[in-house]
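Read the structure below first, then the notes.
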Amino acid sequence: MAAKEGGSDPDMNATLRTAIKNAKSQNMPKDNIEAAIKRASAKDADSYTEIVYEGKGPHGVLVIVECATDNPGRTVANVKSYFNKAGGGVVPNGSLEFMFNRKAVFEFEKTDEMDFEMMELELIDAGLEEIEVDDDTVYVYGDYTAFGTLSDAL
């Protein structure tokens, strides 16, 4: 979807660049990545739309479902059936969205040679909002639009 919406050049398409990084981190071969980009860039490629559904699960758990589909009618039926099976239900869009914030979250292991004050000062320029240190794990939080700059800075 990233290639279809923003073009097939990763240098000009941040969403595609992130998708390629994620694919490489899962050890996907370069040939497969390039083939997927070419398929998506083709004129006759299927058109997928992104849809967001909101729902309440059992015990009042709030859920936001983001999905890409070529058939919205089938997708809404599937999402509703999953909520019904779990004892929840779909709610009108906009009912829950205001309660959630999109965040870029990074988690990595703490090492002895890390200077957290210096790291925090460097990452603030990249979009850092908060840094937490918990035992042997470091959590870095930022706005989701700063995901790329935070990722490069780390």
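Please read these numbers as outputs of a predicted model, since none were measured by experiment.
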Set of side-chain contact (heavy atoms from CB on, under 4.5 Å) partners for Asn32, sequence neighbours left out: Met28, Pro29
Test side-chain hydrogen bond (donor to acceptor under 3.5 Å, both in side chains) applied to Asp136 - qualifying residues, sequence neighbours left out: none
Student check: side-chain heavy atoms of Leu62 and Phe100 closer than 4.5 Å: yes
Under-4.0 Å salt bridge between Lys21 and Asp152: yes
Quiz: residues 78-94 side-chain donor-acceptor pairs under 3.5 angstrom, not counting sequence neighbours:
| unit_1 | atom_1 | unit_2 | atom_2 | d |
| --- | --- | --- | --- | --- |
| Ser81 | OG | Asn78 | O | 2.8 |
| Asn84 | ND2 | Lys80 | O | 3.2 |
| Asn93 | ND2 | Val52 | O | 3.2 |

Hydrophobic cluster identity match, Met99 and Val65, side-chain contacts under 4.5 Å: no
Contacts of Lys24 that satisfy side-chain hydrogen bond (donor to acceptor under 3.5 Å, both in side chains) - sequence neighbours left out: none
Connected-component partners of Leu128 among ILVMFWY, side-chain separation under 4.5 Å: Phe106, Phe108, Met114, Phe116, Met119, Leu123, Ile124, Ile131, Val133, Val138, Val140, Phe147, Leu150, Leu154
Counterpart residues, side-chain contact (heavy atoms from CB on, under 4.5 Å), relative to Phe98 (two or more places apart): none
Pairs satisfying salt bridge (Lys or Arg N to Asp or Glu O under 4.0 Å), at least one member in residues 117-133, at least two apart: Lys103-Glu129
Distance-minimising heavy-atom pair for Ala126 and Ala146: O-CB, 3.7 Å
Residue pair Arg74 / Thr69, side-chain heavy-atom distance below 4.5 Å: yes
Glu34: side-chain contact (heavy atoms from CB on, under 4.5 Å) partners, not counting sequence neighbours: Lys30, Asp31
Heavy-atom check, side chain of Lys56 versus side chain of Leu96, under 4.5 Å: yes
Approximate separation, where rounding is to 0.5 Å, of Tyr53 OH and Thr75 OG1: 5.5 Å
Residue pairs passing the side-chain hydrogen bond (donor to acceptor under 3.5 Å, both in side chains) test where at least one lies in residues 140-151, sequence neighbours excluded: Asp143-Thr145
Co-members of the apolar cluster containing Met118 [side chain, <4.5 Å]: none
Counterpart residues, salt bridge (charged side-chain N to carboxylate O under 4.0 Å, His left out), relative to Glu66 (two or more places apart): Arg102
All side-chain contact (heavy atoms from CB on, under 4.5 Å) counterparts of Glu107, not counting sequence neighbours: Thr137, Tyr139
